[in-house]
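Every chain is numbered from 1 and lettered A, B, ... according to where its sequence line falls, protein lines coming before strand lines.
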Number of protein chains: 2
Amino acid sequence: MDQLLALKYFCKVAETGSFTAAATAFSVPPSSISRRISDLETNLGTHLLTRSTRVVKLTEIGTAYLEQVKEILVQLELSNESVKSYQSSPMGQLRISSMVSFGERKLFPLLDQFSALYPDITLDISLSDELSSLANDDIDVAIRGGYAPDERIHAIKLMPNEFIPVASPAYLSAMGTPQDGFELRNRQGLFFRTPRGPSPWLLEINDQWHDVSGQPAVISNNANWLMKQGLEGKGIMIAPRWSVEPHLVSGELVELLTDTALSVNQNPGMGIYLLYQKPKYLVPKVKVFIDFLVENLMGRDD
Amino acid sequence: MDQLLALKYFCKVAETGSFTAAATAFSVPPSSISRRISDLETNLGTHLLTRSTRVVKLTEIGTAYLEQVKEILVQLELSNESVKSYQSSPMGQLRISSMVSFGERKLFPLLDQFSALYPDITLDISLSDELSSLANDDIDVAIRGGYAPDERIHAIKLMPNEFIPVASPAYLSAMGTPQDGFELRNRQGLFFRTPRGPSPWLLEINDQWHDVSGQPAVISNNANWLMKQGLEGKGIMIAPRWSVEPHLVSGELVELLTDTALSVNQNPGMGIYLLYQKPKYLVPKVKVFIDFLVENLMGRDD
DNA sequence: ATTTCTTTTGTCAAAAAGACAATAATATGG
DNA sequence: CCATATTATTGTCTTTTTGACAAAAGAAAT
């Protein structure tokens, strides 16, 4: 028995609630649908549908089975489509989702180069700090801080996401340079607001984490504005190293307490991750983009 | 074309590295294997295997496809088996994995009752605080503190996992009863060692978390021994409410700082979760156990 | 009660998969 | 270097499965 065909029929019948509707959808006579599903039921030893000549309904077990089967069919189709497109040239629309600040500072500068390499790929980039799921199929790759959410999602660590305290020379000359982590509690702080509230300042001493958050001078979810405040000497901020690197080099910002373990969360494995569904790596446009990012970002900072 | 059959053949060939070996495994002539896989390849438009009459190897794309297909076949088989066993009576071996302390204090007292209800189910219980994955098929249900790790794993919150500070009356009369969360830092503490180190004491004030861990008098990963130390007045411990409830009732332990938000982690949604793979709920022995636990645990403490 | 719509069943044709033998290709052994 | 053995493929036939069309049975609506 062709179980796959039976499952497709079954899903369509459940969706439409009718054998004939499913039959027209597949351009086969209703009898075929009836026979396939009947075969499936005898194989499983259970009735999946209660058919009363006029109305078709799912049984309890049918409902549960349908849910699982639908997921399986989607996965298989995704794999098949990925393989089919494998040997075509990289082209088409590539949907990318990224954290706002990372997108602006690291991604955008690379994209011109990428577009020159692959002119047939149309980039569609949306920046957001919300955790949009990859499950809805409209995003090919995502860039997020954190970890892999699901086994089916493949995660590549692009670079570490080391958080360091920084301040402008003007601020430091006016207020003095802190010599100890606990001193931060009395300082003006510029805080980034995540979807889960403002990021605290955490200090690690002997595997113990202490909250040493300063007095909030500014709280915002806009990294550009926070950075502007920091450059103007409004206070101390704890920011990812990659985001402040240019200002450290130019001397506009100074790194503080370099020998102290400070962060905004207790998790050491934090990094910037490139996320995509495994089968998608077979799609040329996705593959070249992933390889391009890995090539251009991992060589630099890691 | 029966793609499912072709995929099964493909997996077997990849596994054995031989068409004939796969053929004998399925008790069909090798020509059938060859034809099915050839069909599959033409459908996908790609070669999955490089066959050189003597040795069969996977292509790059074949390797990737195989990995995905194997997973899909396993899922489908799991769903099918679950449905097949749906209308049988609850029986057979039921493998349960649980956190040690929860198993000893809450689970064991219920199991006699469960065994009386379902004498045909053989219980196989292993207690461990390690995070054993449900993916390897040898565990039917698991009980863990924390969250759902994967979309395919279904999680039911059995009860909250509220952590509260407690101490024995003897300790309190000798050392005094703390009136403020920050006072805890100067007290003797009994700490539970998780796989990620001793649990700190955290105090929440205005969305800010402060580490107020006491001076460690005892650190252990054995909850029974820690409890013994606590009952003997060796110090303060922060423990799940359900684990100390009997001692609170009997007066052997006293809850401290009831108006203060203390915990061992920053995550408010923490709870005791019952975990299982979705298709397993169709298996009677699993279903009755889950329903039994939900019935007997959620009514009590939640 | 009749009409209408829908599922099922019967029968036959078409397509797909299996069986068996023969062929081609490549390692291994002498 | 050649012969042999092993393995995948191809050709042909048989068996099984699926699709197609018509007819029948069942249930709701007019």
Side-chain H-bond candidate by donor/acceptor type, A:T16 with A:S18, under 3.5 Å
no
Could you tell me how far apart B:L49 (CG) and D:dT9 (C1') are, to the nearest whole angstrom?
14 Å
Mind calculating the distance between NZ (B:K57) and C1' (D:dT7) to the nearest angstrom?
17 Å
Tell me: CG of A:D39 to P of D:dT18, nearest whole Å?
6 Å
Output the rounded distance in Å from CD1 (B:I37) to C1' (D:dT10).
16 Å
Sugar-phosphate only, base, or nothing, as touched by A:L5 at under 4.0 Å among non-hydrogen atoms
sugar-phosphate
Is any side-chain nitrogen or oxygen of B:S34 closer than 4.0 Å to OP1 or OP2 of D:dA8?
no
Report the distance from atom NZ of B:K12 to atom P of D:dA8, rounded to the nearest whole Å.
15 Å
Contact nearer the 5' end of DNA chain C, comparing B:Q3 with A:T20
A:T20
B:D2 atom CG is separated from C:dA16 atom C1', nearest whole Å, by 10 Å
Regarding B:S97 and B:R144, do their side chains bring together a donor and an acceptor under 3.5 Å, going by distance alone?
yes
Expected output: side-chain A:T46 to main-chain A:L44 donor-acceptor under 3.5 Å:
yes
Report yes if a side-chain nitrogen or oxygen of B:Y9 is closer than 4.0 Å to either non-bridging phosphate oxygen (OP1 or OP2) of D:dA8; otherwise report no.
no
A:D39 versus A:Y9, side-chain donor and acceptor atoms under 3.5 Å:
no
Starting at atom CD1 of A:I33, determine the distance to atom C1' of D:dT18, rounded to an integer number of angstrom.
12 Å
Looking only at the side chain of B:F19 (C-beta and beyond, no hydrogens), which of the listed nucleotides D:dT9, D:dG11, C:dC20 gets closest?
D:dT9
Can a donor-acceptor pair under 3.5 Å be found between the side-chain atoms of A:R51 and the base atoms of D:dG26?
no
Closer to the 5' end of DNA chain D via nearest nucleotide, is it A:S31 or A:M1?
A:M1
Minimal non-hydrogen separation, A:F10 against A:G62, with atom names:
CZ-O, 3.8 Å
On the nucleotide D:dT18, are OP1 or OP2 found under 4.0 Å from the side-chain N or O atoms that A:R36 carries?
yes
Given D:dG19, C:dT7, C:dA19, identify the nucleotide with an atom nearest to the side chain of B:P29.
C:dA19
Take atom NZ of B:K8 and atom P of C:dA17, then tell me their distance rounded to the nearest Å.
13 Å
